[in-house]
Amino acid sequence: MFAIGIVGAGQFAGGFAKLFDAHPGVSRVTVTDVIADRASTLVAELGLAGAEDDFDAMLASDVDAVAIFTQRWTHGPLVVKALRAGKHVYSAVPMAFTVEEIGAIIDAVKETGLTYMMGETSQYNPTTVLARQKASEGAFGRLFYAEGDYVHDMDHGFYAAYQYSGGADWKRTASFPPMKYPTHAIGGVLGAWDTHAVSVSAIGVPDQRGDGVFDKSVSMFDNDFSNATALFETADGASFRTNEFRRVGLAHWIPESRFNFYGTEGILEQNSRATFWHNRSKELEDVTELVQPGWATGADDPILAKVDPALHDSFISGHAPVHDTSALPVEFKGLGNGHMGSHHLLVHDFVTAVNERTLPTVNAWVAARYTLPGIMAHESALRGGERLRIDDFGDAPQ
């Protein structure tokens, strides 16, 4: 068993703190946040072990691991600092904001031998899980093309989330470049396909809303792209395309992520409401029910009280029939789940990796392959679609 510290007590952290606290492989959970009241409130609501004054105090404490749920551009340096302090690290996405930060995390993992895991929810998106099964069976033949979309309109809870985290100055950070938050789309593709991206050409769409969010004169990131599309070349001579859209007419309660895979012998296609498998020898097979997540408990959980209603669906979706839940602890039964049934599986992956000293599925090297292509895609878009090389940090050591 090990003790874990939650770093950042915002809207996303509560559900995960509850799962870590319930897991039999975790001895206790503490919390810290730059807004002290948020940490103490979360401790009181969930009956956790206590709060630390700040990140440094958390690292100086006797916790064995930290789970980082801070603002998305802050992850890289915090992860490195935690690893260098001797702590295992679970990090929300994305892995990092720059190529250099990714390299620093991988160096720290190699040099310390500690566990790092990025909590990419699309690793357990039911369609990705099914595609992974089909690929392992050879049912696709040769995979030669795939598509992964993350279409999350700012009006669907993002405005409220940025205001909650950023206060009066929230518009500076709400302009986060879409392609620098790439892992829900890229991870959903590469989570099923044993390859990685080696080059990219991308197009960014400047925003026209005029509300001061994607405005270079306001943006902390000098960014005015609200939507972006990238085409990647893969190491095995194929390609995949991803979309990152923040101004898009997606209906409420429709999942923001969807994936399609095309092989020489079979195709898996997903749209907003249905998913189909077809191949050369069979008629079209409707697999919608197989990848449909059930409803999880927790819709009325107090930890969701500050979450915009438009985001609630992301925090209460349960497992789909395609999920293998046989290894999950019985203590998770009845607890809230979320993001297409991924939360339980992600927490259990990390706890198991730390306790058994094994590599988690989304380890540092996999996380780099899910994150770095988006960083380079944004750079390509800034250069008018210039095709850029994507370096690779290699496979995880065995």
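What you are looking at is a predicted structure, and each value in this text was computed from that prediction instead of being measured.
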- Side-chain heavy-atom pair Arg72, Phe176 within 4.5 angstrom cut-off: yes

- Can you check whether Pro126 reaches Gln292 side chain to side chain, under 4.5 Å on heavy atoms? no

- Quick one: sort the Tyr90 and Phe69 rings into parallel, tilted or perpendicular, breaks at 30° and 60°. tilted

- Message: Does Glu289 have more than 12 heavy atoms from other residues, nucleotides or ligands lying within 6.0 Å of its CD?
- Response: no

- Query: Is there a donor-acceptor pair closer than 3.5 Å between any side-chain N or O of Arg132 and the backbone N or O of Gly191?
  - Reply: yes

- Taking atom CZ of Arg84 as the centre, does the number of heavy atoms from other residues, nucleotides or ligands within less than 6.0 Å exceed 12? yes

- Do the side chains of Met179 and Thr242 get nearer than 4.5 Å, heavy atoms only? yes

- Task: Rounded to the nearest 0.5 Å, what's the gap from OH on Tyr150 to CZ on Phe245? Could you check?
- Result: 13.5 Å

- Side-chain contact test, heavy atoms from C-beta onward, threshold under 4.5 Å: evaluate it for Phe2 versus Val351 and give yes or no. yes

- Message: side-chain contact (heavy atoms from CB on, under 4.5 Å) for Thr371 and Met118? Distances and angles first, verdict last.
- Response: CA-CA 10 Å; Thr371 307; Met118 182 178 74; 3.8 Å; yes

- Item | Asn260 side-chain N/O to Glu147 backbone N/O, donor-acceptor pair under 3.5 Å | no

- Do Ile267 and Asn279 touch side chain to side chain, with heavy atoms closer than 4.5 Å? no

- Query: Listed by chain and number, what are the salt bridge (charged side-chain N to carboxylate O under 4.0 Å, His left out) partners of Arg247, not counting sequence neighbours?
  - Reply: Asp207, Asp211

- Message: For Lys18, is there any backbone N or O sitting under 3.5 Å from a side-chain donor or acceptor partner on His23?
- Response: no

- Task: Please check if the side chain of Gln71 supplies one atom and the backbone of Trp73 the other of a donor-acceptor pair under 3.5 Å.
- Result: no

- Item | Candidate pair Val205 and Phe225, rule side-chain contact (heavy atoms from CB on, under 4.5 Å), full reasoning | CA-CA 5 Å; Val205 180; Phe225 296 151; 5.8 Å; no

- Message: Checking the side chain of His75 only, and the main-chain atoms of Phe97 only, is there a donor and an acceptor separated by less than 3.5 Å?
- Response: no

- Message: Ring of Phe393, cation from Arg369 - is the NZ or CZ under 6.0 Å from the centre and inside 45° of the axis?
- Response: no

- If every non-hydrogen atom of His184 is compared with every non-hydrogen atom of Phe259, which pair is closest and at what distance? O-CZ, 3.3 Å

- Query: Say you draw a straight line from OG1 of Thr275 to CD of Glu269; how long is it, rounded to the nearest 0.5 Å?
  - Reply: 10.0 Å

- CG/Asp194: more than 12 non-hydrogen atoms of other groups inside 6.0 Å: no

- In sequence, state the C-alpha distance, the side-chain angles, and the governing distance for Trp193 and Tyr145, and then conclude on ring pair (Phe, Tyr, Trp, His ring centres under 6.0 Å). CA-CA 10 Å; Trp193 189 355; Tyr145 178 71; 8.4 Å; no

- Item | Side-chain donor or acceptor of His196 paired with backbone N/O of Asp236 under 3.5 Å | no

- Task: Please name the pair of heavy atoms, one in Val366 and one in Thr361, separated by the smallest distance, quoted to 0.1 Å.
- Result: CG2-O, 3.5 Å

- Message: With a 3.5 Å distance limit and no angle check, can you tell me whether Thr128 reaches the backbone of Gly188 through a side-chain donor-acceptor pair?
- Response: yes

- Message: Between Thr183 (side chain only) and Gly187 (backbone N and O only), is there a donor and an acceptor less than 3.5 Å apart?
- Response: no

- Message: Donor-acceptor check, side chain of Asp153 to backbone of Val248, threshold 3.5 angstrom: yes or no?
- Response: yes

- Evaluate whether atom CD of Gln208 has more than 12 neighbouring non-hydrogen atoms of other residues, nucleotides or ligands under 6.0 angstrom away. no

- Under the salt bridge (charged side-chain N to carboxylate O under 4.0 Å, His left out) test, residues paired with Asp37 that sit two or more places apart: none

- Query: Can you check whether Lys81 reaches Asp56 side chain to side chain, under 4.5 Å on heavy atoms?
  - Reply: yes

- Phe214 ring centre to Arg246 NZ or CZ under 6.0 Å, with the angle to the axis within 45°? no

- Message: Let's go through Ile102 and Ile375 carefully: what are the C-alpha distance in whole Å and the side-chain angles of both, what is the deciding distance for side-chain contact (heavy atoms from CB on, under 4.5 Å) to 0.1 Å, and is it a yes or a no?
- Response: CA-CA 10 Å; Ile102 291 175; Ile375 294 173; 3.8 Å; yes

- Does NZ or CZ of Lys180 fall inside the cone over Phe221's six-membered ring, less than 6.0 Å from its centre and within 45° of the axis? no

- Query: Measuring from Ser175:OG to Asp215:CG, what's the distance to the nearest 0.5 Å?
  - Reply: 8.5 Å

- Task: Please report the C-alpha distance between Thr30 and Leu48 in whole Å, then the side-chain angles of each, then the deciding distance to 0.1 Å, and finally whether the side-chain contact (heavy atoms from CB on, under 4.5 Å) criterion is met.
- Result: CA-CA 6 Å; Thr30 55; Leu48 304 178; over 6 Å; no

- Query: With a 4.0 Å cut-off, would you call Lys171 and Asp169 a salt bridge?
  - Reply: no

- Message: Do Val362 and Tyr370 make a side-chain contact, defined as non-hydrogen atoms from C-beta onward lying under 4.5 Å apart?
- Response: yes

- Look at the aromatic rings of Phe144 and Tyr262 and report parallel, tilted or perpendicular, splitting at 30° and 60°. tilted

- Side chains of His88 and Phe350: does their closest heavy-atom pair fall under 4.5 Å? yes

- Paired with Phe16, the ring pair (Phe, Tyr, Trp, His ring centres under 6.0 Å) test is passed by just one of His343, His344, His348, His339, namely His343

- CG of Asp54 to OG1 of Thr32, rounded to nearest 0.5 Å, is 6.0 Å

- Message: Could you check whether any side-chain N or O of Ser380 sits under 3.5 Å from a backbone N or O of Met376, counting only pairs where one atom can act as donor and the other as acceptor?
- Response: no

